[in-house]
Trainee: 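The structure's right below; bear with me while I get my questions together.
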Amino acid sequence: MTDIVPQLVDWYDREQRDLPWRRPDVSPWQVLVSEFMLQQTPVARVEPVWRAWVARWPTPSATAAASAADVLRAWGKLGYPRRAKRLHECATVIATDFGDAVPSDVETLLTLPGIGAYTARAVACFAYRRRVPVVDTNVRRVVARAVHGRADAAPSSSPRDLADVEALLPDEALAPKFSIALMELGATVCTARAPRCASCPLSVCAWRSRGFPASTAPARRVQRYAGTDRQVRGRLLDVLRGRDSPVTRAELDVVWLSDTAQRDRALDSLLVDGLVEQTADGRFALAGEGD
DNA sequence: CACTCGTGGGG
DNA sequence: TCCCCAAGAGT
């Protein structure tokens, strides 16, 4: 197969987006913060929150010193607030157990809260220039198309995905740029819907050479949102983010009147997740309010 | 492995 | 309008 490395790297040099966490003066911790925020949240929404976040809390220890409630407020409406809680926990572990320095090896990173297979490799590669395969949804889609000639990635099978990318990965000097370029291609050209193949820098693509066969994967279950517990949790948390002192149960109840059992279940799950706490007098607040 | 967990912009 | 889905992780 034609070597895609120079094609991809040259394209990235020309076309890369100017994202703040890619700049050379950004610390490993700040890269890690960006990776937490980018888990399932689009770049455009992350950017302003990341800027404010790293200006306010530039290090793990600074983040750990903040209250959980302030962390949840700074997270704002990025979604999946458990990520904010895990980021706070991650900062605490790094500050206390690792001398305020983000670990650089994948194995250690994987032991930290909120860091899984993707984020561990992204930090090792992008923050520490390690030659490790970085596999996210964009990379899996690009490899499925360009290498395997399929419209979509197969359901995630980590070992095989890692091996696929490992086979493409150049030497250490070029590996980080290659991996970020692969992700960038998937994010801006080889997109899930309406890929812009006319703008693709790859001279060889198995999917194209096979005539763009349609997806054979069974239609994915739609991820409904309206009416789910997640929506109720979102509304409850939105009330608490806007208040700096505990609120009564009645003030929370008004956000979801149609199904009181569901509302109770959602509030209970927020307590279980440690995102919300109940005061001695029975009112509710963001976890860690007042810490 | 299947499922849960927020939010909002674009096709 | 409605639906898809966006740099995943944990259970």
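All values below come from the heavy atoms of this structure, side chains included, with hydrogens, waters and symmetry mates left out. Letters A, B, ... mirror the listed sequences (proteins, then strands); counts begin at 1.
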Trainee: What does A:W21 touch in the nucleic acid at a heavy-atom separation under 4.0 angstrom: a base, only the sugar-phosphate, or nothing?
Mentor: base
Trainee: To the nearest Å, how far apart are A:E184 CD and C:dA6 P?
Mentor: 14 Å
Trainee: For A:D273 and A:R86: C-alpha separation, side-chain torsions, deciding distance, then whether salt bridge (charged side-chain N to carboxylate O under 4.0 Å, His left out) applies.
Mentor: CA-CA 11 Å; A:D273 285 350; A:R86 288 177 186 142; over 6 Å; no
Trainee: Thinking salt bridges, do A:R235 and A:D238 make one under a 4.0 Å N-O criterion?
Mentor: no
Trainee: Using the P atom on both, measure B:dC5 against C:dA7 and round to a whole Å.
Mentor: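 My reading of the P atoms in B:dC5 and C:dA7 gives 22 Å.
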Trainee: Just how far, in rounded Å, is P of C:dA6 from OH of A:Y225?
Mentor: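 Interatomic distance, OH of A:Y225 to P of C:dA6: 18 Å.
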Trainee: Tell me, do A:V33 and A:T63 make a side-chain contact under 4.5 Å, heavy atoms counted?
Mentor: no
Trainee: Contacts to DNA chain C from residues 232-249 of chain A, heavy-atom cutoff under 4.0 Å, which residues?
Mentor: none
Trainee: What is the separation between atom CD on A:Q40 and atom C1' on B:dG8, rounded to the nearest whole Å?
Mentor: 14 Å
Trainee: Quick check on contacts: within residues 51-61 of chain A, what sits under 4.0 Å from DNA chain C by heavy-atom distance?
Mentor: none
Trainee: Is a salt bridge present between A:R249 and A:D253, judged by a nitrogen-to-oxygen distance below 4.0 Å?
Mentor: yes
Trainee: Between A:L109 and A:T119, is any pair of side-chain heavy atoms under 4.5 Å apart?
Mentor: no
Trainee: Please give, in whole Å, the distance from C:dA7 C1' to A:E35 CD?
Mentor: 6 Å
Trainee: Is there a donor on the side chain of A:T41 or the base of B:dG6 sitting less than 3.5 Å from an acceptor on the other?
Mentor: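 In this structure, the two groups form a donor-acceptor pair.
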Trainee: Please round to the nearest 0.5 Å and tell me the distance separating atom CD of A:Q30 and atom CH2 of A:W21.
Mentor: 12.5 Å
Trainee: Will you find, in the side chains of A:S104 and A:R130, an N or O donor that is under 3.5 Å from an N or O acceptor?
Mentor: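 Judged by distance alone, the side chains do pair up.
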Trainee: Return yes if the base of B:dT7 and the side-chain atoms of A:R45 contain a donor-acceptor N/O pair under 3.5 Å, otherwise no.
Mentor: yes
Trainee: Describe the nucleic acid contact of A:R121 in one word from base, sugar-phosphate, nothing, applying a heavy-atom distance below 4.0 Å.
Mentor: nothing
Trainee: Is it true that A:D25 and A:R23 make a salt bridge, defined as a side-chain N closer than 4.0 Å to a carboxylate O?
Mentor: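 No, A:D25 and A:R23 are not salt-bridged.
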Trainee: Under 4.0 angstrom, heavy atoms only, what part of the nucleic acid is A:S269 near: base, sugar-phosphate, or nothing?
Mentor: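 No contact.
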Trainee: Using the test side-chain hydrogen bond (donor to acceptor under 3.5 Å, both in side chains), find all partners of A:D152 that sit at least two apart in sequence or belong to another chain.
Mentor: A:S215
Trainee: Among residues 171-183 of chain A, which contact DNA chain C at a heavy-atom distance under 4.0 Å?
Mentor: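 Residues of residues 171-183 of chain A that come under 4.0 Å of DNA chain C are, in numerical order, A:M183.
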Trainee: Separation of A:D229 atom CG from B:dC3 atom P, in whole Å?
Mentor: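 Whole-Å distance recorded here is 15 Å.
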Trainee: In terms of side-chain geometry, is the basic nitrogen of A:E89 or A:R82 positioned less than 4.0 Å from the acidic oxygen of its partner?
Mentor: no
Trainee: With rounding to the closest Å, how many angstrom separate the C1' atoms on C:dA9 and B:dG9?
Mentor: 24 Å
Trainee: Find the distance A:L38:CG to B:dT7:P and express it as a whole number of Å.
Mentor: 17 Å
Trainee: What I want to find out is whether A:K177 reaches A:D13 closely enough, with some N-O distance under 4.0 Å, to be called a salt bridge.
Mentor: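 So A:K177 pairs with A:D13 through a salt bridge.
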Trainee: Anything under 3.5 Å between a protein N or O and an N or O of nucleotides 9-11 of chain C, put it in a table, one pair a line.
Mentor:
| unit_1 | atom_1 | unit_2 | atom_2 | d |
| --- | --- | --- | --- | --- |
| C:dA9 | OP1 | A:G116 | N | 3.0 |
| C:dA9 | OP1 | A:T119 | N | 3.0 |
| C:dA9 | OP1 | A:T119 | OG1 | 2.6 |
| C:dA9 | OP2 | A:A117 | N | 3.4 |
| C:dA9 | OP2 | A:Y118 | N | 3.2 |
| C:dG10 | OP1 | A:G114 | N | 2.7 |

Trainee: Would the number of heavy atoms belonging to other residues, nucleotides or ligands and lying under 6.0 Å from CG of A:D268 be above 12?
Mentor: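 Buried by this count: over 12 neighbours within 6.0 Å.
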Trainee: Would you tell me whether A:R83 and A:T41 have side-chain atoms, one donor and one acceptor, within less than 3.5 Å of each other?
Mentor: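 The criterion, which ignores hydrogens and geometry beyond distance, is satisfied for A:T41 and A:R83.
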Trainee: Hey, are A:R160 and A:D164 close enough for a salt bridge, meaning a charged N less than 4.0 Å from a carboxylate O?
Mentor: yes
Trainee: Using a heavy-atom cut-off of 4.0 Å across all strands, would you classify A:P81 as base, sugar-phosphate, or nothing?
Mentor: sugar-phosphate
Trainee: If you compare every side-chain N and O of A:Y80 against the phosphate oxygens of C:dG8 (OP1, OP2), does one of them come in below 4.0 Å?
Mentor: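 The answer is no; no side-chain N or O of A:Y80 sits under 4.0 Å from OP1 or OP2.
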Trainee: Write down the distance between CD (A:Q231) and C1' (B:dG8), rounded to a whole number of angstrom.
Mentor: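 In whole Å, B:dG8 C1' and A:Q231 CD are 13 Å from each other.
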Trainee: Applying a 4.0 Å non-hydrogen cut-off, can you work out what A:A187 is touching in the nucleic acid: base, sugar-phosphate, or nothing?
Mentor: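 A:A187: backbone/sugar contact only, no base atoms under 4.0 Å.
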Trainee: Between B:dT4 atom P and A:D268 atom CG, what is the distance in whole Å?
Mentor: 17 Å
Trainee: Using a heavy-atom cut-off of 4.0 Å across all strands, would you classify A:A192 as base, sugar-phosphate, or nothing?
Mentor: sugar-phosphate
Trainee: Among residues at least two apart in sequence or on other chains, which ones pass side-chain contact (heavy atoms from CB on, under 4.5 Å) with A:R22?
Mentor: A:Y12, A:Q16, A:R17, A:L19, A:I180, A:E184
